[in-house]
Protein chains: 2
Amino acid sequence: MEIDIKLSDFNETILPWLGKTSKLMNMFISDVFHKNNIQITKQQWIVLKILSEKSDGIIQNELACITERNKASLTRLINVMEKNNLVARVPSKLDSRKNLIKITHSGEHLFNITKPIMIASIKAIENNISVDEMNIFLKVMSKIQTNLKINQLN
Amino acid sequence: MEIDIKLSDFNETILPWLGKTSKLMNMFISDVFHKNNIQITKQQWIVLKILSEKSDGIIQNELACITERNKASLTRLINVMEKNNLVARVPSKLDSRKNLIKITHSGEHLFNITKPIMIASIKAIENNISVDEMNIFLKVMSKIQTNLKINQLN
DNA sequence: TTAACATAGTTGCATATGCAACTATGTTAA
DNA sequence: TTAACATAGTTGCATATGCAACTATGTTAA
């Protein structure tokens with residue numbers, strides 16, 4: 001019985017590549033914002049983007065769901081963003097358990113400033129990658145997510 | 001002048017896909033370990049794997065470099081692992097600034113237990129992905145890392 | 001020699017994150 | 001009605017992480 005059949009191939013496996021690349025990407029975005037004197041993280045930016053498209057606000061729990069984030073984690077992310085005056089918690093009138101998260105004017109302003117920076121960053125990240133490669137990349141990502149969710153149920 | 005040309009396509013972009021998938025993967029691995037009553041994170045596991053292949057130990061800074069991690073971050077990762085008796089800091093005799101990080105017997109034991117679990121997890125994650133898709137996926141990842149590193153210098 | 005510089009690692013301060021247990025409020029079935 | 005259950009959000013405790021400033025030690029050039 002040989003258990004260690006394939007672990008030698010670990011480095012050519014999705015797991016370490018995905019982790020490393022994702023971390024490098026976060027650092028890259030963080031660096032870009034830092035160089036432009038913008039105090040915001042990639043995670044906050046994504047929330048800001050979602051909220052900028054929903055002027056009525058989004059229930060906190062729903063926002064957690066959309067961003068695939070634990071509700072405890074979202075609570076704290078919103079805490080930081082609220083502290084920095086990017087978003088506001090508005091209690092729902094229909095259900096007092098719920099909070100509507102809304103982007104502030106200050107948040108919208110910051111988001112508008114970041115738009116061209118983010119577009120340029122995405123272009124830089126996706127440089128030299130063909131449309132075909134991109135399509136397969138997204139397809140593989142989708143399959144991975146499916147695999148992760150299927151197995152999660154067991 | 002239209003600045004917001006492409007931000008509407010953000011969701012079909014590498015950036016959010018990579019972030020989300022990576023997070024889901026970390027949660028998946030964390031869940032697998034949890035269900036097997038193994039107290040270790042994906043990050044710790046990778047360090048354990050690297051150390052298990054280097055019985056002479058690795059200089060702390062080098063380990064940070066290999067895992068593409070900030071040296072401050074590595075310091076704390078090693079703190080946790082040392083607390084849990086998975087690794088040990090051994091001061092270098094040649095250069096007293098340096099620490100050699102070595103896996104402990106307890107760490108080796110835990111690593112051996114996790115091997116089959118990790119192999120099964122990787123198989124689950126890579127299920128339904130063809131060899132061709134895998135090759136392109138790795139190629140794209142490699143290109144992204146190159147893009148990130150090139151732009152980092154500016 | 002020794003001052004200037006380089007390298008290794010740690011610490012303060014900060015964000016992001018998850019699990020489990022909790023509070024508060026709303027809903028539903030007997 | 002009201003007890004049991006469901007849902008929304010927060011808090012305690014934990015890990016992982018980065019930047020900047022720091023200490024300690026080693027190296028190098030005048």
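Chain identifiers are assigned alphabetically (A, B, ...) following the order of the sequence lines, protein sequences preceding nucleic acid strands; residue numbering begins at 1 within each chain.
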Q. Where do B:K143 and A:E126 land on the salt bridge (Lys or Arg N to Asp or Glu O under 4.0 Å) test, with the steps shown first?
A. CA-CA 8 Å; B:K143 281 185 179 180; A:E126 297 186 351; over 6 Å; no
Q: In sequence, state the C-alpha distance, the side-chain angles, and the governing distance for A:K71 and A:N61, and then conclude on side-chain hydrogen bond (donor to acceptor under 3.5 Å, both in side chains).
A: CA-CA 6 Å; A:K71 62 183 179 173; A:N61 231 4; 5.4 Å; no
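Between B:Q39 and D:dA14 there is no side-chain polar atom (N or O) within less than 4.0 angstrom of OP1 or OP2. Put simply, B:R89 has no side-chain N or O that comes within less than 4.0 Å of OP1 or OP2 on C:dA8.
A donor-acceptor pair under 3.5 Å is formed between the side chain of A:K23 and the backbone N or O of B:E68. In this structure a side-chain-to-backbone donor-acceptor pair under 3.5 Å is present from A:E82 to A:R89.
Heavy atoms only, all atoms of each residue included: A:W17 and A:E12 are closest at NE1-CA, 4.2 Å.
With a cut-off of 3.5 Å on both pairing distances, the Watson-Crick and G-U wobble pairs of DNA chain C assemble into stems of 3 or more at C:1-30 with D:1-30.
Atom pair B:K42:NZ and C:dT17:P shows a separation of 14 Å (rounding to whole Å applied).
Heavy atoms of A:S96 sit under 4.0 angstrom from primed sugar atoms or phosphate atoms, though from no base atom.
Taking B:T21 as the reference, A:Q145 meet the side chain to side chain donor-acceptor pair (under 3.5 Å) condition, with sequence neighbours excluded. Remark: B:N70 pairs with B:A72, B:S73 by the side chain to side chain contact (heavy atoms under 4.5 Å, CB included) rule, at least two apart or across chains.
Against DNA chain D, the stretch residues 53-74 of chain A makes heavy-atom approaches under 4.0 Å through A:I59, A:Q60, A:N61, A:K71, A:A72. Within a heavy-atom distance below 4.0 Å of DNA chain D, no residue of residues 98-107 of chain B is found.
Across the interface with DNA chain C, nearest-nucleotide mapping of A:Q43 and A:D95 shows A:Q43 to be the residue nearer the 5′ end. For B:N84 and B:R76, each mapped to the nucleotide of DNA chain D holding its nearest heavy atom, the one lying further toward the 5' end belongs to B:N84. The residue among A:K83 and A:L94 whose nearest nucleotide of DNA chain C is located toward the 5' end is A:K83.
By the 30° and 60° cut-offs, the orientation of the rings of A:W45 relative to A:F111 is tilted.
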With a cut-off of 3.5 Å and sequence neighbours excluded, list every side-chain donor-acceptor pair involving residues 46-57 of chain B.
unit_1: B:K49; atom_1: NZ; unit_2: B:E53; atom_2: OE2; d: 2.8
unit_1: B:S52; atom_1: OG; unit_2: B:K49; atom_2: O; d: 2.7

